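Worth saying up front: this structure is predicted, and the values here are computed from it rather than measured. Residues take their numbers from the sequence shown, with the count starting at 1. For ligands, and for the atoms within them, numbers begin at 1 and follow the listed sequence.
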Amino acid sequence: MRETLEKIKSEALLALSAPDAQIEELRIKYLGKKGELTAVLRGMGKLTPEERPVIGQLANDVRAEIEAKIEELSSAAKAKELENKLKSEKLDVTIPGEKTEIGHFHPLALVQRQLEDIFLGMGYSIVDGPEVELDYYNFQALNIPKDHPARDTQDTFYITENILLRSQTSPVQARVMEKTQPPIKIISPGRVYRSDAVDATHSPLFHQLEGLVIDKGITMGDLKGALEMFAKRMFGESTQIRFRPHHFPFTEPSAEVDVSCFLCGGKGCRFCKGEGWIEILGAGMVHPNVLRNCGIDPEVYSGFAFGLGVERIALLKYHIDDMRLLYENDVRFLNQF
Ligand code: DAH
């Protein structure tokens with residue numbers, strides 16, 4: 001039996017030391033329940049009581065030696081595996097990185113922010129108003145009764161007879177005056193709607209910025225000064241402004257305001273269509289009826305208002321010749337800003 005044990009030991013160690021040794025298979029072959037060593041131990045009953053502990057001890061030694069060899073081999077295999085993994089998963093810091101695109105503001109948002117900055121710098125505060133508006137604020141409070149022809153050019157989308165999508169930012173004037181006594185100095189940018197078909201210069205949704213200043217002794221000179229300062233900040237120090245008589249139901253007198261062409265400086269070019277001037281907004285002195293409608297005494301207070309189209313400013317500033325580009329969200333266009 002001693003010889004059998006020695007033989008198992010030397011065979012097992014030899015088999016395990018082969019370079020392509022299948023460790024798990026060999027473990028089962030020699031140490032498993034149906035393995036060679038177990039088979040020998042089963043035969044121990046036939047030994048004499050004196051032989052039994054000696055052979056038992058030897059069997060244990062053989063098992064321990066084979067187990068130690070297996071343990072040594074499998075931890076070497078694990079180390080080898082780890083080493084291979086570290087080698088193959090090596091981080092190459094010289095590979096060019098993947099660029100993440102960072103978003104930015106839409107040209108309309110850029111212009112709106114610039115407009116806001118200019119007027120904030122002149123002491124105006126920003127007020128928001130609802131886009132779904134009452135007919136009363138959009139029209140009636142602004143001196144445009146139900147049958148007034150000025151409604152034709154501001155046809156909009158009606159939710160009910162008296163609720164509509166606002167066609168201008170001017171209703172915010174009425175809302176502010178109703179709630180606040182002068183002095184008032186606000187701008188109100190936002191979306192407005194009209195039932196216009198889409199083309200290069202029209203859209204059923206666009207943006208305006210309204211301005212309103214009410215106090216004692218406000219004159220048309222204040223309006224001119226405010227708009228001149230705005231025009232210089234927006235289009236450059238050499239910009240001039242010009243008032244042309246016009247009609248708005250909510251201002252009296254009313255004017256359309258032009259800026260000198262910031263490309264040719266007023267000489268006339270393709271950009272200003274030879275005019276030297278470019279129309280940018282409507283303005284005027286707030287009509288006494290509007291003040292009265294909103295609970296402000298026109299005998300005590302006066303004020304001016306103006307309204308400009310944000311798209312129009314964006315098209316001028318960035319030399320864009322089709323308004324639709326602003327809404328189509330083509331990244332080839334938007335990436336340029
Ligand atoms: N709301 C006018 C429009 O949409 C623009 C405007 C003109 C606003 C004169 C004003 C103003 O406040 O005084 O055409």
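- Taking 4.0 Å as the cut-off, Phe250 counts as a neighbour of ligand 1 on heavy-atom distance.
- The protein heavy atom nearest to atom 12 (O) of ligand 1 is Glu210 OE2, 2.6 Å.
- Of all the atoms in ligand 1, the ones that sit under 4.0 Å from a non-hydrogen atom of Gln154 are 3 (C), 4 (O), 14 (O).
- Looking at Glu24 and Ile70, their side chains never come closer than 4.5 Å, going by heavy atoms from C-beta outward.
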Start with the C-alpha distance between Phe306 and Phe248, add both sets of side-chain angles, then the distance that settles ring pair (Phe, Tyr, Trp, His ring centres under 6.0 Å), and finish with yes or no. CA-CA 11 Å; Phe306 57 88; Phe248 295 108; over 10 Å; no
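- In this structure, Arg191 forms no cation-pi arrangement with Phe206, as its terminal cationic atom is not both closer than 6.0 Å to the ring centre and no more than 45° off the ring axis.
- Taking every non-hydrogen atom of Gln173 and a distance limit under 4.0 Å, the qualifying atoms of ligand 1 come out as 12 (O).
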All N/O donor-acceptor pairs, side-chain side in residues 11-18, below 3.5 Å, sequence neighbours left out:
unit_1: Ser17; atom_1: OG; unit_2: Leu13; atom_2: O; d: 3.1
unit_1: Ser17; atom_1: OG; unit_2: Leu14; atom_2: O; d: 2.8

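- One N or O on the side chain of Ser302 and one on the backbone of Ile218 form a donor-acceptor pair closer than 3.5 Å.
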For Gln112 and His207: C-alpha separation, side-chain torsions, deciding distance, then whether side chain to side chain donor-acceptor pair (under 3.5 Å) applies. CA-CA 9 Å; Gln112 185 175 317; His207 300 73; 5.3 Å; no
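- With a heavy-atom cut-off of 4.0 Å, Ser170 touches ligand 1 through its side chain alone.
- A donor-acceptor pair shorter than 3.5 Å cannot be found between the side chains of Gln240 and Ser260.
- Every atom of ligand 1 is numbered from 1 in the order shown, and the set under 4.0 Å from a heavy atom of Gly284 is 13 (O).
- Those atoms of ligand 1 that come under 4.0 Å of a heavy atom in Gly307, given as number and element, are 6 (C), 8 (C), 10 (C), 12 (O).
- Distances between N or O atoms of Ala305 and those of ligand 1 include at least one value under 3.5 Å.
- Side-chain atoms of Asn289 and Arg292 include a donor-acceptor pair closer than 3.5 Å.
- The shell of residues lying under 4.0 angstrom from ligand 1, judged by heavy atoms, includes Arg194.
- In this view, Phe337 and Tyr318, Phe333 satisfy the ring pair (Phe, Tyr, Trp, His ring centres under 6.0 Å) rule, not counting sequence neighbours.
- Taking every heavy atom of Thr251 and a limit of under 4.0 angstrom, the matching atoms of ligand 1 come to 13 (O).
- Listed by atom number, the atoms of ligand 1 under 4.0 Å from Gln208 heavy atoms are 3 (C), 4 (O).
- Of the protein's heavy atoms, Gln168 OE1, 3.6 Å lies nearest to atom 2 (C) of ligand 1.
- The contact set between ligand 1 and Phe248, taken as ligand atoms under 4.0 Å from a residue heavy atom, comprises 7 (C), 9 (C).
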